[in-house]
Amino acid sequence: MSLFITLEGPEGGGKTSQAAHLAEHLRRLGHDVLLTREPGGTPISEQVRRVLTAMDNTAMRPETEFLLFSASRAQHVRELILPHLQRSGVVVCDRFYDASLAYQGYGHGLDLDALRAITTFATGGLTPDLTFLLDLPVEDGLRRREVDGNWNRLDAYDLDFHRRVRQGYLELARAEPRRWVVLDASRAPEVVQDEIRRRVVERLGK
Ligand code: TMP
């Protein structure tokens with residue numbers, strides 16, 4: 001059975017390690033798992049990621065940013081995600097188009113209807129089956145990012161931007177409660193992982 005799982009949230013919520021632990025767990029259960037991330041996943045998409053996150057690209061406009069994320073996504077979906085789902089695999093993806101709605105839409109204030117239309121073109125209409133929102137206060141998340149040394153150009157946007165991103169995510173989750181699971185990511189990582197596993201296994205059993 002194919003299943004497309006995404007992990008989302010503001011900075012520092014532990015998405016990357018939660019995604020890795022989930023993938024490992026599902027492989028142990030015998031599933032064919034693709035663990036991937038956005039922006040990135042394919043060589044072309046990883047090149048676009050470098051342009052997006054480079055600290056010296058301070059002149060980048062929100063529209064450019066969104067289109068680059070979308071370009072990276074169009075490649076990622078067609079080269080990696082769709083073929084894996086078509087082979088009945090499970091895809092675990094660290095961020096997907098909801099990040100563009102939250103960051104470029106709610107964060108930068110770009111028109112959400114326009115973003116959705118371009119997103120549908122970029123993804124060919126592919127939607128995750130299950131999306132986890134690893135939610136935590138933005139100050140806590142950004143502090144974690146500074147400590148882990150993964151600081152990038154987007155982390156450096158001001159605190160109000162990150163607050164709008166978090167509120168945006170919560171609104172997206174409220175609008176589609178059947179797809180989203182909102183988790184308090186300020187708890188211990190093992191507790192969060194247990195809950196993620198439980199929800200995924202429940203979903204695979206259906
Ligand atoms: P990461 O921190 O999850 O590796 O993601 C890199 C940065 O890119 C992070 O600040 C979130 C941001 N981002 C967007 O702004 N829009 C998007 O569509 C995606 C996928 C990520």
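The analysis underlying the following values was restricted to heavy atoms, covering all of them including side chains, and did not include hydrogens, waters or symmetry mates. Counting begins at 1 with the first residue of the sequence. Start at 1 and go down the list; that is how both ligands and their atoms are numbered.
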Just go through Y97, Y103, F69 and tell me whose heavy atom is the nearest to atom 8 (O) of ligand 1.
F69
Tell me the protein heavy atom at minimum distance from atom 15 (O) of ligand 1, and give that distance in Å.
Q104 NE2, 2.9 Å
Looking at every non-hydrogen atom in both residues, tell me the closest pair between V192 and D184 and how far apart they are.
CG2-O, 3.8 Å
Of all protein heavy atoms, the one nearest atom 18 (O) of ligand 1 is S100 OG, 2.6 Å
For atom 1 (P) of ligand 1, closest protein heavy-atom neighbour:
R95 NE, 3.6 Å
Starting from atom 7 (C) of ligand 1, which protein heavy atom do you reach first, and at what distance in Å?
L154 CD1, 3.9 Å
Check this for me - ligand 1, R73, N or O atoms closer than 3.5 angstrom, yes or no?
yes
Would V91 and V201 show up in the same hydrophobic cluster when neighbours are defined by side-chain heavy atoms closer than 4.5 Å?
no
Atom 4 (O) of ligand 1: the protein heavy-atom neighbour that sits closest, reported with distance to 0.1 Å:
R49 NH2, 2.7 Å
Within the 4.0 Å heavy-atom cut-off, what R145 brings close to ligand 1 is side chain
Is R37 close enough to touch ligand 1? Criterion: a residue heavy atom under 4.0 Å from a ligand atom.
no
Residue, atom name and distance, where the atom is the protein heavy atom closest to atom 10 (O) of ligand 1
E11 OE2, 2.8 Å
